[in-house]
Enquirer: 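Structure incoming, see below.
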Amino acid sequence: MIDRAGLAEFLRRRREALQPEDVGLPRGQRRRTSGLRREEVAALCHMSTDYYSRLERERGPRPSEQMIAAMAQGLHLSRNERDHLFRLAGHQPPTRAADSDYVSPGMLRIFDRLTDDTPAEIVTELGETLRQTPLGVALVGDLSRFTGPSRSIGYRWFTDPAARALHPPEDHEFYSRMYVSGLRGVLTRRGPESKAARLAELLNAESAQFRVLWNEHEVGIVPREVKRYLHPAVGLLELNCQILQDSAQSNSLLVYTAVPGSESYEKLQLLSAVGVTSSV
């Protein structure tokens, strides 16, 4: 059963404890609020201000598990705080599995401090995008919109031609081998009952190319330091990819940069300035 008073108080206290700079927001002038404003938290949680405000006022419908998870991320809650929030809303907390979508507050703080001209994303070990910077969306499209198996870039690579359109054709063979190798590595770590095992089963049934590569048992193929992207508006970009791994949560922060003065650098600046969004 939902504890409306406890939920409202906990949300209010966590909101007041956060400062704009903690979540990558400008402080601005004439700020009288002790912490974040309700509308700022609502935006971070991807919900309406009215919906969030009603929760703090002990009103509105019982929030779903998806809404609670979004609030836990938006408020940068620790695992224990997240679990407490779930219980206040009358839900069982998610299992603390290695393949969960939870992002630690520390990783979120790093992500929030990335500048507007930096494409970056946080992904799970199966290549499911959890967060993207605005320029990351402009570069490759909103990858967090996918649901089900399609959340994984490796699954989309073998089942959705649009995923391959992001890269030059001469790079496709390498990506195919890399995604298969990566999935096999995750399956080995997580076991036959894991999400990785279910994904491999689906791909074996749906993709002839995947079946061929899967039977080769390649492992250890890692991403190249320089990734090449084909953008519909600015053309080919060559970007360095730096990866920060959070081994405790099994997700990674990927940050893309271009060599200053290069053609790709100029294209990335143009993409940032005009706010072009990929159609992928």
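Because the structure is predicted, anything quoted here is derived from the model rather than measured.
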Enquirer: Between the side chains of E56 and R15, is the shortest nitrogen-to-carboxylate-oxygen separation below 4.0 Å, so that they form an ion pair?
Expert: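 Yes, this pair counts.
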Enquirer: Regarding E40 and R37, does a basic nitrogen lie under 4.0 Å from an acidic carboxylate oxygen?
Expert: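 The answer is yes: the pair qualifies as a salt bridge.
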Enquirer: For side chain to side chain contact (heavy atoms under 4.5 Å, CB included), just list the numbers for W157 and F210, CA-CA rounded to whole Å, side-chain angles, deciding distance to a tenth of an Å, and then say yes or no.
Expert: CA-CA 10 Å; W157 183 261; F210 180 87; over 6 Å; no
Enquirer: Side chains of H76 and R14: donor-acceptor distance under 3.5 Å anywhere?
Expert: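 Result is no, nothing qualifies.
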Enquirer: Can a salt bridge be assigned to the pair E238 and K227 using a cut-off of 4.0 Å between side-chain N and carboxylate O?
Expert: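 Salt bridge absent between E238 and K227.
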Enquirer: Salt bridge check, R211 against E206: does any charged N sit closer than 4.0 Å to a carboxylate O?
Expert: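 Result for this pair is no, no salt bridge flagged.
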Enquirer: What I want to check is whether the side chains of E121 and T129 have a donor and an acceptor closer together than 3.5 Å.
Expert: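 A donor-acceptor contact under 3.5 Å links the two side chains.
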Enquirer: Look at R177 together with E216 and state whether they make a salt bridge at an N to O cut-off of under 4.0 Å.
Expert: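 Salt bridge flag = no for E216 with R177.
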Enquirer: Can a salt bridge be assigned to the pair E125 and R190 using a cut-off of 4.0 Å between side-chain N and carboxylate O?
Expert: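 Yes, this pair counts.
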Enquirer: Got a salt bridge between D101 and R151, using NZ or NE/NH1/NH2 to carboxylate O under 4.0 Å?
Expert: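 Yes, charged N to carboxylate O under 4.0 Å.
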Enquirer: Should D83 and R79 count as an ion pair when the cut-off is N to O under 4.0 Å?
Expert: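 The answer is no: the pair does not qualify as a salt bridge.
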Enquirer: Should the pair H84 and F10 be assigned to parallel (<30°), tilted (30 to 60°) or perpendicular (>60°) ring geometry?
Expert: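 Perpendicular, since the angle between the ring planes exceeds 60°.
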